[in-house]
Amino acid sequence: MSVNKHKPHLLVLPEDDPNRQMADGFALDLNCNYRAIQVLREAGGWVKVVDIFKSDYLPGMRQFPERRMVLLMDFDGKPEDRKSFVAREIPEDIKNRVFVLGVSSEPENLRNATDKKYEEIGTALAEDCAENRQGFWMHDLLKHNEPELNRLIEDVRPFLFK
Amino acid sequence: MLQRLYVHNFRCLENFELKTKAMPSALLIGKNGSGKSTVAAALKIFQSIGRGINRVGQLVEFKDFAHGRTDVPMRFEIEVMLAGSVYHYVLALELPENFKELRVLEEQLLVSGKPVFSRREARVTVPRSAQGGEAQFFVDWHLVALPVIQEQSETDPLHIFKTWLARTVILAPIPSLMDGNSSGETLRPEWNGSNLGEWFSGLLGRYPAAYTTIAEYLREVIPDIAEFRNDPTGKDAKSMNVHFAANAARLVVNFDDLSDGEKCFFLCAVVLAANKAYGPLFCFWDEPDNYLSLSEVGHFILSLRRSFQNGGQIIVTSHNDEAIRKFAEENTWVLDRKSHLEPTLIKLLEDIPVSGDLINALICGDITL
């Protein structure tokens, strides 16, 4: 069945197809409870991620308290500015269940730097989460995610990983 | 694992090559008529040979020649990695002038480059490594030799290869034909799922632990399922019944009365259990998203991909955007055909420039090779 909206689950809203492939690669990892994660359709740009989140998913976030959401976007070299902007768009009452992650520049750069396919990157990131290690997450293009990742892992580990 | 499929002069497949080395799962996409199901038809020929059908006339027909071009041989080649060795099987068929039925022109099985047998027209040659010589015999022109050459043991490459071929799972299920009744056991599912009951019985008969895999999967997708039974209905006859439970109430439903989508869940469960029990299997599933609700498609595809990740291989076709989105550019093959007069072309999605959203490009018909 689809994710059970009354049980803890995670929706991932990717900015574009490379981010979508990474998210699907994450769910492909055998350590991941893939039935508790749903990768949504690509938004088509980081601004649209925020717009779609507000227009389509805000009501559901309030209706279903077990729902978490990852906004997966590119930071185009300005991670702190963008995170601040996005954070201002997330209402206070659900802020603890919304997480903003992404590559500090673009996924293409991460793929080229690591010589891995997008799915493989996603799977490697899931493995690190399952093993409770920083590993791949400490790559130069990803390490800016650390505080947000720690917050996410603490929240989702009980239901997302075996 | 299938590494390469080569087909020539068969329907719309001319000089067609599908390379799936190191791909535990792959997706074929393309417009209607682009040749996706013809790939399944080619694979079905190999499966039939593995299952003992060796009359050429039962495998292909005159009309299967591309554009009726009978002056060019029809060629099928398959390369498979099994237990660390590459098995390469070649079958070329021809229709000489004044012949009414196709005959074998060439046939060969190589394992790691060494011939297990080779054949030219009626003459079959089997190397005898111990003596250093070779044995020769003749087989009817209209019979494929692979099924009739005697196997020495279960470790004989012939046995390994034929068993793998016979156990390939090629599916384009039609739920209305899946009634859950069985009058025997098999490990050879039909493409339309019509013998699911027999497959289910055969799987549980030989590998009882498969019940756990099936039950685990079904409880994930149908949470109120309590159990399922293969109840006897007569001598050697059984019928599958599904027991549901919720709030202390119980309901027993005959398999035949399940919805089309629920029948596909059962089929998926048996595929996953079979791969675990007696795999690694090769599975080709034509449009697995058929009959499923949008909320189920993504997880259905993911469950298949995950199951075959550590053993076996699955290739699916799809027109469903949710299913297509569960694959990546490096494991998605695009098939295209300019017209019915031209052959199928194939390319990996990562080698095709797609501007913008893939699904929108598919909807607009903008992806051509």
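The figures here come from the full heavy-atom set of this structure, side chains too, leaving out hydrogens, waters and symmetry mates. Chain identifiers are assigned alphabetically (A, B, ...) following the order of the sequence lines, protein sequences preceding nucleic acid strands; residue numbering begins at 1 within each chain.
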Quiz item: Checking salt bridge (Lys or Arg N to Asp or Glu O under 4.0 Å) for the pair B/R325/A/D17: CA distance, chi angles, key distance, verdict?
Solution: CA-CA 9 Å; B/R325 281 190 166 98; A/D17 199 53; 5.9 Å; no

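- Between the side chain of B/H299 and the backbone N or O of A/Q38 there is no donor-acceptor pair closer than 3.5 Å.
- Crowding of B/K276 atom NZ: a count of heavy atoms from other residues, nucleotides or ligands under 6.0 Å not exceeding 12.
- The candidate from B/L302, B/L294, B/L292 with the greatest count of non-hydrogen atom pairs under 4.5 Å with chain A is B/L302.
- Proximity to chain A (any heavy atom under 4.5 Å) is shown, for B/S303, by both the backbone and the side chain.
- The distance from the CG atom of B/D357 to the CZ atom of A/R20 is 9.5 Å, given to the nearest 0.5 Å.
- Counting heavy atoms from C-beta outward, B/R306 and A/C32 have side chains that approach closer than 4.5 Å.
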Exercise. Start with the C-alpha gap between B/E330 and A/K116, add the side-chain angles, then the distance that decides, and say whether salt bridge (Lys or Arg N to Asp or Glu O under 4.0 Å) holds.
Key: CA-CA 11 Å; B/E330 70 273 10; A/K116 281 181 182 285; over 6 Å; no

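- Contacts between A/D16 and chain B at a heavy-atom distance below 4.5 Å are absent for every atom of the residue.
- Salt bridge annotation for A/K117-B/E329: absent, with no cationic side-chain nitrogen under 4.0 angstrom from a carboxylate oxygen.
- Ionic pairing of B/R305 and A/E119 is present here: one or more N-O contacts between side-chain nitrogen and carboxylate oxygen are shorter than 4.0 angstrom.
- Heavy atoms from other residues, nucleotides or ligands lying under 6.0 Å from CG of A/D93 number more than 12.
- The structure places CD of B/E220 at 12.5 Å from CG of A/N4, a figure rounded to the nearest 0.5 Å.
- One N or O on the side chain of B/Q309 and one on the backbone of A/L28 form a donor-acceptor pair closer than 3.5 Å.
- When all heavy atoms are compared, the tightest approach of A/R35 to B/V221 is NH2-CG1, 3.4 Å.
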